[in-house]
Amino acid sequence: IEIVDVHYYSGHKLAIKFNDGKENIIDFGNFIFKNNHPSIDKYRKIEEFLNYKIVDGNLNWNDYDMIFSLEDLYDCNI
């Protein structure tokens, strides 16, 4: 499974499309705002949160500063 496209939805939500056609809208807000790790705090700002890339079929922020397993994103389990 790979991510083939990502679009901003709203707030800290992204619409993520996978290579099998499945599309999930995932809310990253709970993870970002409940996490107390300093490297994650900056993603509370939308402009930082939207600075993601698709790298090798996965969603990646700032050279692996924040990344989730493909299985968790596929299952909406973050």
Side-chain angles (χ1 to χ4, degrees):
I1 294 182
E2 293 183 350
I3 294 171
V4 293
D5 198 17
V6 179
H7 289 94
Y8 177 67
Y9 189 76
S10 69
H12 283 79
K13 296 177 186 176
L14 298 175
I16 300 174
K17 186 171 184 178
F18 298 88
N19 62 343
D20 67 353
K22 182 176 181 175
E23 187 169 339
N24 293 334
I25 296 172
I26 300 177
D27 186 353
F28 293 87
N30 285 335
F31 174 82
I32 291 169
F33 285 96
K34 289 182 179 179
N35 193 303
N36 291 322
H37 196 281
S39 68
I40 303 299
D41 287 349
K42 66 182 169 188
Y43 297 109
R44 294 176 182 180
K45 296 178 183 176
I46 292 295
E47 58 272 7
E48 290 290 333
F49 174 69
L50 294 178
N51 193 20
Y52 59 82
K53 295 179 182 176
I54 299 172
V55 177
D56 296 328
N58 201 347
L59 194 56
N60 179 352
W61 283 265
N62 196 27
D63 197 24
Y64 302 98
D65 198 23
M66 186 167 73
I67 192 165
F68 300 88
S69 78
L70 281 171
E71 292 81 12
D72 287 346
L73 293 174
Y74 192 86
D75 293 336
C76 294
N77 185 28
I78 62 161

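Along the sequence shown, residues carry numbers from 1. Heavy atoms only: backbone and side chains are in, while hydrogens, waters and symmetry mates are out. Every value quoted in this text rests on a predicted model; they were computed, and no experiment measured them.
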In one Ile/Leu/Val/Met/Phe/Trp/Tyr side-chain cluster, 4.5 Å: [X], [Y]:
X   : Y   : value
Y8  : I16 : yes
I78 : V6  : yes
I25 : F33 : no

Is the shortest side-chain heavy-atom distance between [X] and [Y] below 4.5 Å?
X   : Y   : answer
L70 : I3  : yes
D72 : N77 : yes
I54 : V4  : no

Inset, instruction - Go through the structure and list residues passing ring pair (Phe, Tyr, Trp, His ring centres under 6.0 Å) with Y9, not counting sequence neighbours. - result: none
Inset, instruction - Before giving the answer on side chain to side chain contact (heavy atoms under 4.5 Å, CB included), spell out for V55 and I67 the whole-Å C-alpha distance, their side-chain angles and the decisive distance to 0.1 Å. - result: CA-CA 10 Å; V55 177; I67 192 165; over 6 Å; no
Legend entry - Partner residues of K42 under the salt bridge (Lys or Arg N to Asp or Glu O under 4.0 Å) criterion, sequence neighbours left out: D65
Legend entry - CG/D56: more than 12 non-hydrogen atoms of other groups inside 6.0 Å: no
Legend entry - Minimal non-hydrogen separation, I46 against G11, with atom names: CD1-O, 3.0 Å
Legend entry - Nearest atoms (heavy-atom pairs only) where L14 meets W61: CD1-CZ2, 4.0 Å
Inset, instruction - Apply ring-ring contact (aromatic ring centres under 6.0 Å, His included) to Y43 and F28, showing your working. - result: CA-CA 10 Å; Y43 297 109; F28 293 87; over 10 Å; no
Legend entry - Side-chain donor or acceptor of N58 paired with backbone N/O of F68 under 3.5 Å: yes
Inset, instruction - Any pair with a residue in residues 11-36 that passes side chain to side chain donor-acceptor pair (under 3.5 Å), sequence neighbours left out, goes on the list, sorted by first then second residue, please. - result: D20-Y74
